[in-house]
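Worksheet for the structure shown next.
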Number of protein chains: 2
Amino acid sequence: MASGARSALTREAVLEAAAALVRRHGPDALTMRALAADLGTAVTSIYWHVGGREALLDALVERTVAELGEIRPSGRTPEQRVVGVARELRRQLRDHPHLVALVHERGLTERMFLPAQRVLVREAHAAGLRGARAAEFVRAVQFQVVGHVLVERNRERAPVQQPGERELWGSQAAGDDPALARALARPVDTERLFVTAVRALVRSLLARPSRLPTRAPDSVA
Amino acid sequence: MASGARSALTREAVLEAAAALVRRHGPDALTMRALAADLGTAVTSIYWHVGGREALLDALVERTVAELGEIRPSGRTPEQRVVGVARELRRQLRDHPHLVALVHERGLTERMFLPAQRVLVREAHAAGLRGARAAEFVRAVQFQVVGHVLVERNRERAPVQQPGERELWGSQAAGDDPALARALARPVDTERLFVTAVRALVRSLLARPSRLPTRAPDSVA
DNA sequence: ACCTGAACACCGTTCAAGT
DNA sequence: ACCTGAACACCGTTCAAGT
């Protein structure tokens, strides 16, 4: 399964093959031996070019994070633009499910979010937030988005839950609110829930200060 | 290191030893061989009592989740009580960091939150939310709390980040807002951030409907 | 400078054999 | 019914040896 196995082995080639392996079969499939087989080399050659498995994963994460696209805010109010940024970021993370797994496994969740921080800072300023307040806003949105994606990913991977919401809320259980029981027994519409939650958070945090007139940010890089 | 190795091996004894191992040295230390050594038995005996590693982890998660304490809401308004519930839940999860890792790894994040759902439903009702609205509220809080804890856990485990916030916001970088740059260069006060975010979310979601007079829930089990 | 195979110290799991 | 050791098919990593 090696593609072009005749040229000399390169750090780039190793990372490329590793990325392909993860993309197709998930992070667990990335073993040094399988990777070497794909490359048509000895296992130990990988160690010379990129170091051990830890270093390989580090490089892989860095590489894939760099590939994430730009985030361009659009919308009339800061609230609309921030919700848009959050949705775009969520979409990007969902498009790279294995990357999210890798990043989380390696404790680099924060790294994943750095590209979006600048954009959010600009929106915070546009909404009249400054200093520590603006920083708090940026981080609240960051934790919200990344946390939601992690929980989502986890749910999708989860098998049938034993005493799940289904059974728990299936019968009466909810007292005098059958509509609630039905809603909790249904699977979650995560997209909708995400937008609702982000909008609620943003609305509260942006509403607190002096309420300056809302204008577009200086420039959209 | 076996404690009472003379009596017959029990499913309970195996789970107890496994829990102790995870508590002391983390989930990675839970290998079938290490566990057998702790118990003073052959590795294969474990298979007879609890099945393979997957089944062992399942049982362990179930066991530890059941050990989580009750959650008793307190406070005058639904907002105060929900924030209190969220803080209590976060504290419980933080007290069992390895459990959170196990649960997340096995895709059972949802399971972790079931005990708190009933409490939140009661508060939603007390705040005047009903039906699908109440369900959405419960799930928004659920995703928020669990997501936040996951991100937090991840950050604590993370080593020194290479192009971290520190370097990124260390110099000018933030244009004309040095206070913001300083704030983002500092480590996050996660407790504070958590409360701020949950309160913002809850306030928005509870403010939407008809605003019925706020009364305490019927009974606090 | 680059690549190799052999070897080491680990894994989880199966299985036939004991009592 | 319960427990055992041997064996299998995997891991990541090291290291001396090649060119």
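Numbers restart at 1 for each chain; the letters A, B, ... are given by sequence-line order, proteins then strands.
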Note to self: Distance to the ring centre below 6.0 angstrom and angle to the axis at most 45 degrees; does that hold for A/R90 and A/F194?
What the structure shows: yes
Notebook entry, point to check: Between atom CZ in A/R53 and atom P in C/dC11, what is the gap in whole Å?
Noted result: 16 Å
Check: Just how far, in rounded Å, is C1' of D/dC3 from CG of B/L39?
Finding: 13 Å
Note to self: To check you understand the geometry: which heavy-atom pair defines the closest contact between A/L60 and A/A19, and what is its length?
What the structure shows: CD1-N, 3.7 Å
Between protein and nucleic acid, restricted to nucleotides 4-9 of chain C and to nitrogen or oxygen atoms under 3.5 Å apart, what atom pairs and distances do you find?
residue: C/dT4; atom: OP2; partner: A/A42; partner atom: N; Å: 2.7
residue: C/dT4; atom: OP2; partner: A/S45; partner atom: OG; Å: 2.6
residue: C/dG5; atom: O6; partner: A/T44; partner atom: OG1; Å: 3.0

Notebook entry, point to check: Taking only residues two or more places apart in sequence, or in another chain, which ones meet B/T44 in a side chain to side chain contact (heavy atoms under 4.5 Å, CB included)?
Noted result: B/A42
Item checked: Ion pair check, A/R63 and A/E12, cut-off under 4.0 Å -> yes
Margin query: Give me the atom names and distance for the closest heavy-atom approach of B/L205 to B/A140.
Written below: CD1-CB, 3.7 Å
Margin query: So if I take every side-chain heavy atom of A/W48 and compare against C/dG12, C/dC3, D/dG12, which nucleotide ends up nearest?
Written below: C/dC3
Checklist line | A/E88 bridged to A/R91 by N-O distance under 4.0 Å | finding: yes
Name the pairs: protein N/O against N/O of nucleotides 17-19 of chain D, kept only if under 3.5 Å.
none

Check: Which string of ( ) [ ] | and . matches DNA chain C, if you list each base 5' to 3' and count Watson-Crick or G-U pairs only when both distances are under 3.5 Å?
Finding: ||.|||||...|||||.||
Item checked: For B/L21 against B/A34, the heavy-atom pair lying closest together -> CD1-C, 4.2 Å
Notebook entry, point to check: By ring pair (Phe, Tyr, Trp, His ring centres under 6.0 Å), which residues pair with B/F143, not counting sequence neighbours?
Noted result: A/H148
Item checked: Sorted by number, the residues of residues 16-23 of chain A with heavy-atom contact under 4.0 Å to DNA chain C -> none
Notebook entry, point to check: How long is the line joining CD of B/E54 and C1' of C/dT13, in whole Å?
Noted result: 12 Å
